[in-house]
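Step one of this worksheet: look at the structure below.
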There are 2 protein chains.
Amino acid sequence: MSGHPQRRVAFLLAQIGADASSAFDRAVEQLGITASEAGLLRLVGRHPGISQKAASEHLGVGPSRVVAVLDRLEAGGHLERRRSVTDRRTHELTLTPGGEELLARLRPVAEAHEKAFTAMLPEGDLDRLAGYLEAIAEARHLDREVHRQTTPR
Amino acid sequence: MSGHPQRRVAFLLAQIGADASSAFDRAVEQLGITASEAGLLRLVGRHPGISQKAASEHLGVGPSRVVAVLDRLEAGGHLERRRSVTDRRTHELTLTPGGEELLARLRPVAEAHEKAFTAMLPEGDLDRLAGYLEAIAEARHLDREVHRQTTPR
DNA sequence: TATTGTTATACTCTATAACTATA
DNA sequence: TATAGTTATAGAGTATAACAATA
């Protein structure tokens with residue numbers, strides 16, 4: 001018998017992670033967008049002119065999923081597709097002024113969400129927790145920029 | 001500016017949690033079952049004779065989802081529904097001998113899965129990590145016995 | 001020929017409501 | 001009337017393949 005026969009870290013991670021995902025979903029709902037849309041908004045904010053292919057890889061979702069999320073953001077006037085002049089197969093994604101403004105409103109929402117998952121722990125513990133999680137993420141090769149619902153097989 | 005402007009604990013939790021869920025899914029695939037089926041199997045193992053309603057509450061999924069998962073486990077010969085004699089509306093769920101055996105084979109798979117998410121951290125860190133996660137789970141009122149894909153609104 | 005974005009399809013999980021049989 | 005389980009249906013996300021435009 002080991003000294004820790006019943007430790008269930010992986011289980012707790014799965015459980016808390018699902019809660020974190022759906023809590024973030026609910027949090028951004030007040031902005032009229034979904035978590036996927038928020039993720040794409042942030043990605044394009046950081047990488048203006050990014051292609052859908054590159055966005056698909058960064059977000060870890062299929063290209064056809066990007067199309068659907070993009071359609072909604074474009075219909076909402078937050079984001080634009082522009083045909084690239086150098087390679088007319090690709091679209092350069094850019095935020096509209098409305099999209100920039102939405103992104104600015106997203107930041108405090110994300111901060112409040114972060115606080116909801118960390119407010120019960122003192123600063124020193126939080127730094128250690130963040131370090132542990134980064135070690136796990138690195139060992140598991142999770143270097144995506146945004147949340148994922150699932151990991152592909 | 002705070003001293004930790006960029007800490008993203010909630011984000012890391014969501015990302016790692018999704019990875020933990022899908023990794024568990026892949027791990028139990030070798031036993032011919034899904035994570036949902038494994039969860040119900042373990043629940044009935046711990047609570048023989050439990051009703052579908054109670055299982056639905058423990059697992060945090062709707063009653064109609066329990067029906068579908070149960071159908072597959074029953075078709076596989078792992079689990080039985082028995083009409084209760086005291087309340088003929090309810091079913092008492094019990095493992096068959098085959099289900100008990102499957103549950104026994106599930107345990108080492110779950111242990112290997114746990115190890116995949118903890119092997120990169122030394123024992124002392126793991127104890128602290130588990131403590132932090134339990135504190136978060138308690139603060140978020142996550143006392144389910146099994147994984148959840150999402151949290152209801 | 002290969003690649004980008006798009007469309008179409010199938011599958012899974014979620015949520016809800018309607019239904020039955022029992023209480 | 002209320003409850004346990006079942007069925008049916010609608011919605012969202014995922015994955016895949018086929019397609020048009022372009023390279």
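Lettering follows sequence order; numbering is per chain, from 1.
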(request) Starting from the C-alpha separation in whole Å, work towards a yes-or-no answer on salt bridge (charged side-chain N to carboxylate O under 4.0 Å, His left out) for A:E101 and A:R105. (result) CA-CA 6 Å; A:E101 199 242 329; A:R105 287 197 292 141; 3.6 Å; yes

(message) Here's a test of your reading of the structure: between B:L70 and A:R72, which maps to the more 5' nucleotide of DNA chain D?
(response) B:L70

(message) With a cut-off of less than 4.0 Å, is there a side-chain N or O of A:R82 near OP1 or OP2 of C:dG5?
(response) no

(message) Taking atom types as they are modelled, would you say the side chain of A:S51 forms a donor-acceptor pair with the base of C:dT4 within the 3.5 Å cutoff?
(response) no

(message) Hydrophobic clustering (ILVMFWY, side-chain heavy atoms < 4.5 Å, transitive) - are A:L95 and A:L40 grouped together?
(response) yes

(request) Side chain of A:H91 only, please: which of C:dG5, D:dT14, C:dA15 is the nearest? (result) C:dG5

(message) I want to verify a distance call: between C:dA8, C:dC13, D:dT6, whose nearest atom is closest to the B:V67 side chain?
(response) D:dT6

(request) Take atom CG of B:D87 and atom P of D:dT3, then tell me their distance rounded to the nearest Å. (result) 12 Å

(request) Among the candidates D:dA4, C:dC13, D:dT6, find the nucleotide nearest to the side-chain atoms of B:Q52. (result) D:dT6

(request) Output yes when at least one side-chain N/O atom of B:R81 is less than 4.0 Å from OP1 or OP2 of D:dT6, else no. (result) yes

(request) Using heavy atoms to find the nearest nucleotide of DNA chain D for B:P63 and A:S84 separately, return the residue whose nucleotide is more 5′. (result) B:P63

(request) For the side chain of A:R88, starting at C-beta, report the closest nucleotide among D:dT22, D:dG13, C:dG5. (result) D:dT22

(request) Check the distance between D:dG13's C1' and A:L40's CG and give it to me in whole angstrom. (result) 16 Å

(request) Please state whether the phosphate of C:dA21, meaning OP1 or OP2, lies under 4.0 angstrom from any side-chain nitrogen or oxygen of B:R89. (result) no

(message) Need one value for A:T34: base, sugar-phosphate or nothing, where a base atom within 4.0 Å counts as base even if backbone is also close, heavy atoms only.
(response) nothing

(message) Does B:T90 reach a base, just sugar-phosphate, or nothing at all? Heavy atoms under 4.0 Å.
(response) sugar-phosphate

(request) Can you tell me the distance, in whole Å, between the CG atom of A:D71 and the C1' atom of D:dG13? (result) 15 Å

(message) So, using salt bridge (charged side-chain N to carboxylate O under 4.0 Å, His left out) as the criterion, who are the partners of A:R89 when residues are at least two apart?
(response) A:D87

(message) Quick check with a 6.0 Å cut-off and a 45 degree axis cone: is A:R140 positioned over the face of B:F117's six-membered ring?
(response) yes

(request) Taking all non-hydrogen atoms of both residues into account, name the closest pair between A:A20 and A:H113 and its distance. (result) O-NE2, 3.1 Å

